[in-house]
Structures are given as C-alpha cells and as structure tokens.
Amino acid sequence: KIYVRGKMLTHSDLRALQTKSLKMQSWIRQQTFSPEHEKTLRRFSSWEVAELVLGLNQSTFRGKMAADPTLPAGKVEPDGRQRWFTLDEVNTLRRKLKPRGKTLMPTRPTGRAF
C-alpha cells in the first residue's frame with residue numbers, strides 16, 4: 001500500500017503518475033540533449049583565474065595584466081568592475097604567465113606527441 005498525504009493510491013493513480021513522470025523525463029531529455037540546443041562553456045571570472053588557476057592574489061594578477069598588454073584582456077562588464085575570460089584566454093594566460101618562475105602548463109612525456 002502506498003499513501004500520499006494520508007490517501008492510499010490506486011493503480012489508476014500510480015499509472016497517471018507514471019505517465020506524467022515519463023512526459024517530464026522526455027521533456028528534460030529533449031531540453032538537455034537536443035542537437036539544436038548548443039552548449040557553451042561559461043566564462044571564468046578574474047578571481048577564478050587568479051586564485052584557482054594561476055595561484056596569484058587579485059592585485060598581483062591585475063598588476064601583471066596592466067604590465068603586459070599582450071595578455072588577453074577578457075570581457076569587461078559594462079560597469080568595469082569584473083573581467084570574464086574564455087577557456088582559450090585562460091590557457092593563453094597559463095602559457096604566458098610564470099608565477100614564481102614556474103610554468104603553469106603540464107609537463108609532457110618525452111617522445112609522445114600531443
């Protein structure tokens with residue numbers, strides 16, 4: 001016996017719930033995996049890039065950005081308070097910046113092409 005809010009459900013109730021559930025699952029699958037809905041990777045905030053990727057504090061990161069105009073600038077919000085970087089820009093920063101003299105790129109085994 002299955003009770004919901006004190007009421008015992010019948011086979012008809014369970015069948016109706018199953019039908020609704022299957023419709024909802026189908027809608028979710030269509031929204032999530034539909035080929036016409038393109039997925040994009042979100043941008044990363046300057047805080048995420050500085051602290052989590054580069055291991056720098058924000059002021060050091062801003063100083064490095066100001067000192068080297070060849071570094072990607074990211075997308076600046078209209079109020080000018082926040083920068084957002086694409087994954088390509090983050091990888092460029094990883095290649096060009098060497099905090100504490102160490103590269104941020106992973107080491108590659110010799111003799112293997114990537």
Side-chain angles (χ1 to χ4, degrees):
K1 296 179 184 180
I2 298 175
Y3 290 89
V4 174
R5 296 186 189 127
K7 177 187 170 206
M8 187 170 80
L9 296 179
T10 65
H11 287 279
S12 299
D13 295 331
L14 292 173
R15 201 172 302 115
L17 283 172
Q18 179 192 24
T19 302
K20 285 182 183 179
S21 173
L22 291 173
K23 283 182 183 177
M24 187 175 289
Q25 289 174 31
S26 174
W27 181 83
I28 290 171
R29 275 190 206 96
Q30 183 181 23
Q31 296 301 313
T32 307
F33 300 112
S34 180
E36 63 266 5
H37 293 101
E38 183 178 320
K39 310 266 184 294
T40 57
L41 183 64
R42 69 175 180 85
R43 289 181 174 261
F44 300 92
S45 71
S46 57
W47 180 89
E48 290 173 309
V49 174
E51 298 280 340
L52 303 176
V53 177
L54 303 175
L56 302 171
N57 66 41
Q58 284 261 227
S59 60
T60 303
F61 179 59
R62 282 193 300 270
K64 288 183 178 288
M65 294 288 293
D68 188 350
T70 65
L71 294 174
K75 181 180 177 188
V76 181
E77 287 189 356
D79 62 7
R81 295 180 49 130
Q82 181 66 42
R83 289 181 188 272
W84 297 90
F85 297 90
T86 64
L87 182 59
D88 286 337
E89 291 170 328
V90 170
N91 285 331
T92 300
L93 289 168
R94 288 175 63 210
R95 274 192 300 278
K96 289 188 170 191
L97 292 177
K98 293 183 178 163
R100 293 175 285 287
K102 297 191 316 193
T103 181
L104 294 170
M105 298 305 290
T107 57
R108 300 289 187 201
T110 55
R112 293 189 61 191
F114 285 99

query: Can you find a pair of side-chain heavy atoms, one from Leu71 and one from Thr92, that are under 4.5 Å apart?
result: no
query: Looking at residues at least two apart in the chain, or sitting in another chain, which of them share a salt bridge (Lys or Arg N to Asp or Glu O under 4.0 Å) with Glu48?
result: Arg42
Counterpart residues, side chain to side chain contact (heavy atoms under 4.5 Å, CB included), relative to Asp88 (two or more places apart): Thr86
- line: Applying side chain to side chain contact (heavy atoms under 4.5 Å, CB included) to Ser59 and not counting sequence neighbours gives Asn57, Arg62
- prompt: Does Ser26 use its side chain to pair, donor to acceptor, with the backbone of Leu22 at less than 3.5 Å?
  reply: no
message: Are the side chains of Lys64 and Leu93 in contact, using a 4.5 Å heavy-atom criterion?
response: no
- prompt: Hey, are the side chains of Phe85 and Arg43 touching, using non-hydrogen atoms and a 4.5 Å cut-off?
  reply: no
Could you give the side-chain donor-acceptor pairs of residues 73-81 under 3.5 Å, partners two or more places apart or in another chain?
unit_1: Glu77; atom_1: OE2; unit_2: Trp84; atom_2: NE1; d: 2.7
unit_1: Asp79; atom_1: OD1; unit_2: Arg81; atom_2: N; d: 3.0

task: State which residues pass side chain to side chain contact (heavy atoms under 4.5 Å, CB included) with Leu87; sequence neighbours excluded, sorted by chain then number.
output: Leu41, Phe44, Asn91
message: Is any side-chain heavy atom of Tyr3 closer than 4.5 Å to one of Leu9?
response: no
message: For Lys7 and Asp13: C-alpha separation, side-chain torsions, deciding distance, then whether side-chain contact (heavy atoms from CB on, under 4.5 Å) applies.
response: CA-CA 11 Å; Lys7 177 187 170 206; Asp13 295 331; 3.9 Å; yes
message: Within the structure provided, determine whether Ser21 and Met24 are in side-chain contact (heavy-atom separation under 4.5 Å).
response: no
field: Where at least one partner belongs to residues 50-60, residue pairs that pass salt bridge (Lys or Arg N to Asp or Glu O under 4.0 Å), sequence neighbours excluded
entry: none
Minimum side-chain heavy-atom gap Gln82-Ser45 below 4.5 Å: yes
